Number of protein chains: 2
Amino acid sequence: MTLTNNSKRRKELVAIAARLFCEQGYERTTVRMLADAMGIKSGSLFHHFNDKQEILCAVIQDGMESAMAIADHALTGLTDPKERFKALAKAHLSTLLNDRNAHVVALYEWRSLTDDSLNVLIDMRDQYEQLWQQVIDDCVAAGLIKGDQPLIRRFALGALNWTVQWYDAEGEKTPDDLAQALGELIGLG
Amino acid sequence: MTLTNNSKRRKELVAIAARLFCEQGYERTTVRMLADAMGIKSGSLFHHFNDKQEILCAVIQDGMESAMAIADHALTGLTDPKERFKALAKAHLSTLLNDRNAHVVALYEWRSLTDDSLNVLIDMRDQYEQLWQQVIDDCVAAGLIKGDQPLIRRFALGALNWTVQWYDAEGEKTPDDLAQALGELIGLG
DNA sequence: TCTCAAATCTAGCGCTTGCTTGGTTTTTTG
DNA sequence: CAAAAAACCAAGCAAGCGCTAGATTTGAGA
């Protein structure tokens, strides 16, 4: 196997791992549980991954790539700051919902990562937050909202990330509704 | 020992456990690590607690009791909805800062609790959120903010809880500043 | 000073953990 | 179809885990 194997099989395994890590937590999920859910024996896992932590890193990485792709796509073509904010919030909520397992894992389990893995993921996170910062800066520059700009970004992302604690996909509210509600709350009718 | 021992010694042990659980996570913290940090042998731990999970529960319980006490105290005497909101936000941030270890553990590690422990803690959490809901309902009733009221509560608590991820006690911003900034962001100048 | 309970220690049991090794099967490819 | 590569399995090791049992120490009250 290569160091950063991106085979289709590996993607499948990572998705299964994401589900178990999300449901039970990383440390409580044993390699035997993972292997069972994947339909292989525990030893075979280490053909695809060098160690357990690498699986965790892959789960989070996939989630972040997905988030970045969805956000980029949502913003293309939009120029109005208010519309860009709402589109980004909606994209964020969509990926939280669609790739919920990976994002819950990212929120909860980053302390189990090695320093090397953490550095890679922090870079990706910073890049994503930079996207948010630009959109918020534009809103402030246009006079739509007031206040400390990094602080607004942190409040907004905090409010959105917290949705994984309570948001029910079967409920009546769509990501669109939530993004709209957040916009209204901070004065972006 | 009694089932719910509240001795001074136990409080000390719980505070030490909170620190380790916060720094390394519950599952990665072994009873031997806990005992070392407490200056006793691992076996002696089980004189104070029935099992490891009970320590986790005690950590979270202490944090919640602290949060509730600070919030109650902050609200006594205040009647103006806007002032009550800001006082509650400030109280929330203060307890997040003062009892940071316990609150980080509560946010990250509730999945390791038994059902019995979880039920107790969920009741406490619901009680605390009820306090928030009333304050927000009053703001909406007074026409200070608009929107779905439980949703506002969730956005606000999300924004505030997220501060444990980035807030630096050594920085220049006080809990007061942050509470003020959040108030302004949602139109409670 | 004696008593007794609370607190601690010593020693280790039984089990699970992540991971390894060496060999076998399956799949891909020229 | 043959050879190479990828995927998998069977078996198990060394280490660490939560927790227990029984003996010992400590400290406050009679």
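Everything numeric here is computed off the predicted structure, so don't read it as measured data. Reckoned from all heavy atoms, side chains included, excluding hydrogens, waters and symmetry mates.
A:Gln24 has its CD atom 15 Å from the C1' atom of C:dT16, to the nearest Å. If you take NZ of B:Lys8 and C1' of D:dG27, they are 15 Å apart, rounded to a whole angstrom. If you measure from atom CZ of A:Phe49 to atom C1' of D:dA7, you get 13 Å, rounded to the nearest angstrom. The distance from atom CG of B:Leu45 to atom P of C:dA7 is 13 Å, rounded to the nearest whole Å. Rounded to whole angstrom, the span from the CZ atom of B:Arg10 across to the C1' atom of C:dA6 amounts to 15 Å. Going from atom CD1 of B:Ile40 over to atom P of C:dT8 covers 6 Å, rounded to whole Å.
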Protein proximity profile, nucleotides 15-24 of chain D - base contact B, sugar-phosphate-only contact S, no contact -, cut-off 4.0 Å on heavy atoms: --BBBB----
Scan nucleotides 22-29 of chain C nucleotide by nucleotide, 5' to 3', and note B when protein non-hydrogen atoms come under 4.0 Å of the base, S if they reach only the sugar-phosphate, - if neither. --------
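Without hydrogens or angle criteria, B:Arg10 side chain to B:His48 main chain gives a donor-acceptor distance under 3.5 Å. Judged by distance alone, with hydrogens and angles left aside, the side-chain atoms of B:Asp177 form a donor-acceptor pair with the main-chain N or O of B:Thr174 at under 3.5 Å. Side-chain atoms of A:Asp80 come within 3.5 Å of backbone N or O of A:Glu83 as a donor-acceptor pair. Side-chain N or O atoms of B:Arg84 include none that pairs as donor or acceptor with a backbone N or O of B:Cys139 at under 3.5 Å.
Distances were taken from every side-chain heavy atom of A:Lys41 (C-beta onward) to each of D:dA10, D:dC8, C:dT10; the shortest belongs to D:dA10.
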Go through the steps for B:Glu12 and B:Met38 under the test side chain to side chain contact (heavy atoms under 4.5 Å, CB included), then give the verdict. CA-CA 9 Å; B:Glu12 291 171 12; B:Met38 294 164 178; over 6 Å; no
Please walk me through it: do B:Asp137 and B:Gln134 pass side chain to side chain contact (heavy atoms under 4.5 Å, CB included)? CA-CA 5 Å; B:Asp137 286 354; B:Gln134 285 167 5; 5.5 Å; no
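Taking 4.0 angstrom as the limit, A:His47 places a side-chain polar atom (N or O) nearer than this to OP1 or OP2 of D:dA7. Using a 4.0 Å cut-off, no side-chain N or O of A:His48 falls inside it from OP1 or OP2 of D:dA6.
Salt bridge absent: B:Glu109 and B:Lys52 never bring a charged side-chain N and a carboxylate O closer than 4.0 Å. Classification of B:Glu27 and A:Arg28 as a salt-bridged pair holds, one side-chain N sitting under 4.0 Å from a carboxylate O.
With a 4.5 Å cut-off on side-chain heavy atoms, B:Trp166 and A:Leu151 count as touching.
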